[in-house]
Amino acid sequence: MKSITCYLRRLPVIWKLMIGATLLMFLLFATYNFAQYLVLKQWMMHQERDTLHTMMSQVQVFLKDKTDSAESLKLPDTQAYMRDILGKDQMMRMIDEKGKELLLVAKNFDPAWISPVQARSDFLEDAWHGEDHILIYRSPFALGTERGTIEIATNLETFDHFNDTLLWVMVIGGFLAVCISALSGWAIANQFLRPVKALAGAIQNVKQKGLQERVTNIKNGDEISELARLFNELMDQLETSFRQQKQFVDDASHELRTPITILEGHLNLLHRWGKNDPAVLDESLTASLQEVRRLKGLVQGLLALTRAESSQSSDHAEFIRIAPFLAQIKIRAETLYPEFTFKLSLEQQDSMVKMNPLHLEQIVFIVIENAVKYSGENKLVHIAYRTIHHEVQISVQDHGIGIPEAELPNVFNRFYRVDKARNREIEGTGLGLSIAKNLIQRYQGQISMTSAENEGTRVILTLPAVSQT
Ligand code: ADP
């Protein structure tokens with residue numbers, strides 16, 4: 001039994017479905033047919049009994065009305081009447097108390113098949129003579145002083161034959177139904193499994209050929225095509241993510257290579273001549289330190305970016321009141337950049353956002369640091385906030401070198417620095433805005449920028465406002 005279960009479990013799905021459908025169909029059909037057969041058989045038997053009953057009543061009435069002695073049973077009229085009552089394959093016999101035959105009429109029925117039996121009351125008997133099934137109805141009668149038994153018997157051969165035929169029709173019908181259900185089960189399973197096979201094929205292709213493979217041709221709108229659509233979407237996301245990862249590694253190694261190459265150049269210089277030449281020594285050490293600082297900045301930036309990409313928005317989220325928060329930021333910025341003037345414009349109404357305070361601080365500081373770095377001669381930075389349509393907008397405005405309009409869409413890309421030549425003196429990694437964008441998006445926020453060259457830049461941070469309930 002266990003091995004059969006094991007074997008069945010290991011069968012392909014198509015076979016399981018086919019066997020399941022066939023078994024179910026067989027059970028349904030067999031139960032229904034068997035019940036139908038039994039009911040029909042019972043009903044027909046009942047009919048036969050009723051017929052015998054009616055015949056017996058007719059005979060009794062006739063005896064009562066038309067005869068007065070056993071002698072009158074021999075009259076041709078009586079014989080003719082009894083013969084008329086009889087149907088095909090039937091017999092009627094009247095016997096006296098000693099078992100002597102008083103009357104016998106039969107149609108296609110041999111009276112020797114049943115031996116005479118006296119009856120004290122009405123009763124029905126099922127008897128067999130060889131292959132023949134016989135139903136006998138016996139009833140006592142009284143004719144003047146004469147007493148005896150009426151026996152009416154019917155051969156149920158036709159009834160049994162009909163029953164056998166019915167059984168065969170049902171068995172053959174059942175067998176055909178099982179065959180048809182097995183075939184249709186196989187066809188349905190095949191149809192049902194085709195998209196699943198296509199899906200499996202596509203997954204196999206992805207394994208062999210790479211992430212660009214997709215499942216096609218499943219457009220019937222059912223659950224399987226929904227699964228295929230989800231699979232394709234997942235593959236799209238995976239492909240994008242893999243491409244971004246690859247791009248990230250390419251960009252990062254490219255960015256890291258430059259300072260490392262410069263550093264290597266200076267170290268070689270020092271190795272060859274720097275030991276004895278203080279001027280070379282000094283120049284190379286200063287340049288090397290600058291590259292090391294840049295390397296450090298890059299590594300820190302990369303780390304921050306990875307954290308921003310992987311952190312969950314729900315991590316340590318708190319309700320933050322914007323006005324006091326920005327006032328704190330202003331104090332820190334003034335301490336860090338004393339040569340700058342920071343102007344803070346606060347809205348009357350104080351709004352709140354829900355996020356990790358360290359993240360908000362990181363985002364605002366990236367933008368303030370940029371405003372400071374790219375401000376040039378004008379050292380005024382304007383920080384403001386307002387609430388519109390359940391959104392908090394924090395803006396940081398500088399009056400510095402600005403960004404050419406064509407470059408604006410790129411500044412949020414990793415490692416992107418506007419006009420590298422222009423920026424050479426200004427230290428930076430091109431990662432700050434990318435980190436800020438990643439972080440703010442975690443909280444369903446946005447970062448946008450407007451700028452005019454040599455006039456200044458305005459960065460707007462938009463976050464959903466919340467109320468503390
Ligand atoms: P980083 O400042 O380290 O180079 P960011 O990602 O913060 O990197 O900025 C990307 C680029 O966008 C900068 O290199 C700079 O060219 C430009 N940029 C950002 N903020 C400003 C600003 N306030 N004014 C002018 N240019 C800016």
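Each ligand, and each atom within it, is numbered from 1 in the order the structure gives.
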Quick one: pull up NZ in K41 and CG in L166 and give me the separation to the nearest 0.5 Å.
10.5 Å

When rounded to the nearest 0.5 angstrom, what is the spacing between CD in E291 and OG1 in T286?
12.0 Å

Look only at interatomic distance and state if L433 has a nitrogen or oxygen under 3.5 Å from any nitrogen or oxygen of ligand 1.
yes

What residue pairs, at least two apart or across chains, pass side-chain hydrogen bond (donor to acceptor under 3.5 Å, both in side chains) with a residue in residues 158-186?
H133-D160

Geometry only, no angles: is I401 polar-contacting ligand 1 at N/O separations under 3.5 Å?
no

Per-atom contacts of ligand 1 with Y416, taking only distances under 4.0 Å to non-hydrogen atoms:
10 (C), 11 (C)

For ligand 1, which atoms sit closer than 4.0 Å to a heavy atom of G402?
25 (C)

Check step by step if side chain to side chain donor-acceptor pair (under 3.5 Å) holds for E264 and N268.
CA-CA 6 Å; E264 191 186 19; N268 277 335; 4.8 Å; no

Return the CD1 to NZ distance between I426 and K373, rounded to the nearest 0.5 Å.
8.0 Å

Measure from atom 24 (N) of ligand 1 to every heavy atom in N370, I368, T457 and give the option owning the shortest one.
T457

Numbered in order shown, the ligand 1 atoms found under 4.0 Å of a heavy atom of L431 are 6 (O), 8 (O)

Please determine if S434 has a nitrogen or oxygen closer than 3.5 Å to a nitrogen or oxygen of ligand 1.
no

Close approach, M449 and ligand 1, non-hydrogen under 4.0 angstrom
yes

Carboxylate-amine/guanidinium proximity below 4.0 Å for R229 and E233
yes

Under 4.0 Å from any heavy atom of K373, which atoms of ligand 1 are there?
1 (P), 2 (O), 3 (O)

Numbering the atoms of ligand 1 from 1, which are under 4.0 Å from a heavy atom of V418?
14 (O), 16 (O), 17 (C)

Can K354 be said to sit on top of F319's aromatic six-ring, NZ or CZ under 6.0 Å from centre and within 45° of the ring axis?
yes

Using a 4.0 Å cutoff against the non-hydrogen atoms of G432, which atoms of ligand 1 qualify?
5 (P), 6 (O), 7 (O), 8 (O)

Answer with side chain, backbone, both or neither: which part of V367 has a heavy atom less than 4.0 angstrom from an atom of ligand 1?
neither

Do R332 and F342 meet the cation-pi criteria used here (NZ or CZ under 6.0 Å from the six-membered ring centre, within 45° of the axis)?
no

With no hydrogens and no angle check, is any side-chain donor or acceptor of S345 less than 3.5 Å from a backbone partner on A384?
no

Is the shortest N/O to N/O distance between G430 and ligand 1 below 3.5 Å?
yes

N or O pair under 3.5 Å between E427 and ligand 1
no

